[in-house]
Amino acid sequence: MSANGLAQPISICLAVRNEEERIESILTDLLELDYPDYEVVLVDDFSEDHTLLKVAQLAKKYPRLKFTSISQETNFSEKIAINLSLKAASFDRIVFLSPESQSVDSAFLKKLDDNAGDSNLMMCYINFAPQKSWRNKLCRIERLTAFVYSAAFSMAGLPVFYEDRNVLFQKSIYFDQSGFRGKMNDHFANLELIFNDRFKKKIHVSIDPDTFIYEQGGIQRGVFFDLLKKRIRLTQHLGFWKRLVYFMGDLSKSLFFGTLVWMLVTEPKNWVFVVVPAILVLVMQFFILKSVVAHLKEDKILLSSFVYVYIRPVLNLLQATKNYINDKKNKWN
């Protein structure tokens, strides 16, 4: 919200491909939000069905809908779509969503504006919609913990972004950082690469439920490891001191249990003095996580998320090793 109390205009951007069956419902939800000044900018990513035709028909009904398209297949279609969206957007404040975003709350943009303040980047929660499958639960836990870490470190002055959707940001950030110049071949991420660049950031984290986005659709095999690989790659692209802080966070969790086991083996008679402090630490961390998870409306995955926090450093190490081996192979191929 501006200094005079007026709502600031916002551009919602999204890219679609072969969404002929769903495009009307996707866009109708976004085009009928309760907000005075906004637009929806859509890029059709070389659809092979009648998606673009339906979008053109909707644009006649909704003047706030703008659209363009990518006319050929390309390896960089996601980044090209983002670039086209930002060039077409009329307003400086941008939020990217995906076609999988479930029915967005009618007050979504109003709440974004209310919570943004004078920030140039506002991180909002996004996750998969709950489904009855272990893949869905595992991926939700990974995205939840990634958001918690990202938000905590960002508020501590060490910002890192693992998502580029549902982030309200100023368009000028993208162009001031020269867009994707030098980043086109980084296929593992898109705007996260821009957000994690070195520039003056005023970051806000929103935990207002009306700003949350849940994405629908089935989760295919390998999605969890794609999320893990993306997060590790993004962390590896951070500056030295940020990487060191994140590494020390993982190391501390590994050392916690390693030290606990070592003390129990070497000093079994003093087990009370070893176990009781460890339990107190775990209880304290559990209640901190419980408070955060309650704000994010993810109580059903609280216990599994708590366990995952301590398994995560091992997964990080295994994935980082796998990335290193693959990079070496690709270098010589």
Side-chain angles (χ1 to χ4, degrees), residues 1-2 6-74 76-114 116 122 124 126 129 164-175 179-180 190-191 210-218:
M1 187 171 291
S2 63
L6 298 176
Q8 295 191 49
I10 297 174
S11 296
I12 299 175
C13 299
L14 73 159
V16 299
R17 181 168 187 165
N18 296 333
E19 294 286 359
E20 179 182 359
E21 299 297 325
R22 300 192 303 151
I23 193 62
E24 188 168 353
S25 62
I26 290 169
L27 288 177
T28 300
D29 285 342
L30 296 178
L31 290 164
E32 296 182 352
L33 299 179
D34 183 17
Y35 198 71
D37 197 3
Y38 79 100
E39 65 180 2
V40 175
V41 180
L42 179 143
V43 176
D44 179 77
D45 185 4
F46 195 52
S47 291
E48 297 172 327
D49 58 9
H50 296 102
T51 299
L52 193 57
L53 178 61
K54 287 197 170 185
V55 172
Q57 292 171 346
L58 284 169
K60 295 177 181 178
K61 180 180 179 182
Y62 296 98
R64 66 172 80 245
L65 174 61
K66 298 168 67 175
F67 67 96
T68 185
S69 64
I70 298 174
S71 58
Q72 63 182 21
E73 190 73 68
T74 171
F76 312 107
S77 62
E78 289 185 1
K79 290 182 172 63
I80 291 173
I82 289 170
N83 188 62
L84 288 173
S85 298
L86 291 171
K87 286 183 176 180
S90 303
F91 308 131
D92 188 47
R93 302 180 87 191
I94 309 288
V95 61
F96 273 85
L97 299 179
S98 74
E100 286 72 35
S101 299
Q102 281 191 333
S103 298
V104 179
D105 192 281
S106 62
F108 174 67
L109 292 179
K110 183 179 184 302
K111 292 297 183 178
L112 286 185
D113 184 60
D114 289 345
M122 185 171 72
C124 305
I126 183 169
D164 62 353
R165 294 186 297 277
N166 207 20
V167 175
L168 183 68
F169 67 99
Q170 292 180 357
K171 180 172 65 173
S172 54
I173 288 175
Y174 176 81
F175 294 106
F180 289 118
N190 294 311
L191 282 171
D210 289 334
T211 65
F212 297 172
I213 292 292
Y214 296 95
E215 296 178 330
Q216 60 187 354

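Reckoned from all heavy atoms, side chains included, excluding hydrogens, waters and symmetry mates. Keep in mind it's a predicted model, so treat the numbers as computed, not measured.
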List for me each residue that meets side-chain hydrogen bond (donor to acceptor under 3.5 Å, both in side chains) alongside [X], sequence neighbours excluded, and say none if there are none.
{"X": "Gln72", "value": "none"}
{"X": "Ser11", "value": "Glu39"}
{"X": "Asn166", "value": "none"}
{"X": "Asp49", "value": "Thr51"}

Please enumerate all residues that pass side chain to side chain contact (heavy atoms under 4.5 Å, CB included) together with [X], with sequence neighbours excluded.
{"X": "Pro99", "result": "Val16, Glu19, Arg22, Ile26"}
{"X": "Glu73", "result": "Arg17, Phe46"}
{"X": "Arg165", "result": "Ser98, Ile126, Arg143, Glu163, Glu215"}

Side-chain contact test, heavy atoms from C-beta onward, threshold under 4.5 Å: evaluate it for [X] versus [Y] and give yes or no.
{"X": "Val104", "Y": "Ile12", "result": "no"}
{"X": "Cys124", "Y": "Ile213", "result": "no"}
{"X": "Ser25", "Y": "Thr28", "result": "no"}
{"X": "Lys79", "Y": "Asn83", "result": "no"}
{"X": "Leu30", "Y": "Leu65", "result": "no"}
{"X": "Leu168", "Y": "Thr211", "result": "no"}
{"X": "Met122", "Y": "Leu112", "result": "yes"}
{"X": "Ile94", "Y": "Ile173", "result": "no"}

(request) Sort out for me which residue in Tyr174, Phe76, Phe175 forms a ring-ring contact (aromatic ring centres under 6.0 Å, His included) with Phe180. (result)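 That would be Tyr174; it is the only one of Tyr174, Phe76, Phe175 passing the ring-ring contact (aromatic ring centres under 6.0 Å, His included) with Phe180.
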Run the side-chain donor-acceptor check on residues 53-62: report pairs under 3.5 Å with partners two or more places apart or on a different chain.
{"from": "Lys54", "atom 1": "NZ", "to": "Glu20", "atom 2": "O", "distance (Å)": "3.3"}
{"from": "Tyr62", "atom 1": "OH", "to": "Glu32", "atom 2": "OE2", "distance (Å)": "2.8"}

(message) Applying side chain to side chain contact (heavy atoms under 4.5 Å, CB included) to Val43 and Ile82, what does each step give before you reach the verdict?
(response) CA-CA 8 Å; Val43 176; Ile82 289 170; over 6 Å; no
Test your reading of the model: is there a side-chain donor-acceptor pair from [X] to the backbone of [Y], 3.5 Å cut-off?
{"X": "Arg64", "Y": "Tyr38", "answer": "yes"}
{"X": "Asp92", "Y": "Gln170", "answer": "no"}
{"X": "Lys66", "Y": "Ala88", "answer": "yes"}

(message) Check this for me, if you would: do Arg93 and Asp113 make a salt bridge, where the nitrogen-to-carboxylate-oxygen distance has to be below 4.0 angstrom?
(response)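 Asp113 and Arg93: salt-bridged.
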Please enumerate all residues that pass ring pair (Phe, Tyr, Trp, His ring centres under 6.0 Å) together with [X], with sequence neighbours excluded.
{"X": "Phe67", "result": "none"}
{"X": "Tyr214", "result": "none"}
{"X": "Phe169", "result": "Phe195"}
{"X": "Tyr35", "result": "none"}

(request) Take atom CD of Glu78 as the centre, draw a 6.0 Å sphere, and report whether it contains more than 12 heavy atoms from other residues, nucleotides or ligands. (result)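 Open: at most 12 neighbouring heavy atoms sit under 6.0 Å from CD of Glu78.
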(request) Compare every heavy atom of Asp164 with every heavy atom of Phe96, then report the nearest pair and how far apart it is. (result)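 Result for this residue pair: CB-O, 4.1 Å.
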(request) Identify the heavy atoms of Leu84 and Ser69 that sit nearest to each other, and give their distance. (result)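 Taking Leu84 first and Ser69 second, the nearest heavy atoms are CD1-O, 4.3 Å.
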Once you round to the nearest 0.5 Å, how far does [atom1] of [X] lie from [atom2] of [Y]?
{"X": "Leu52", "Y": "Asp44", "atom1": "CG", "atom2": "CG", "answer": "4.5 Å"}
{"X": "Asp210", "Y": "Leu109", "atom1": "CG", "atom2": "CG", "answer": "11.5 Å"}
{"X": "Leu33", "Y": "Leu31", "atom1": "CG", "atom2": "CG", "answer": "8.0 Å"}
{"X": "Ser90", "Y": "Ile10", "atom1": "OG", "atom2": "CD1", "answer": "13.5 Å"}
{"X": "Ile80", "Y": "Asn190", "atom1": "CD1", "atom2": "CG", "answer": "11.0 Å"}

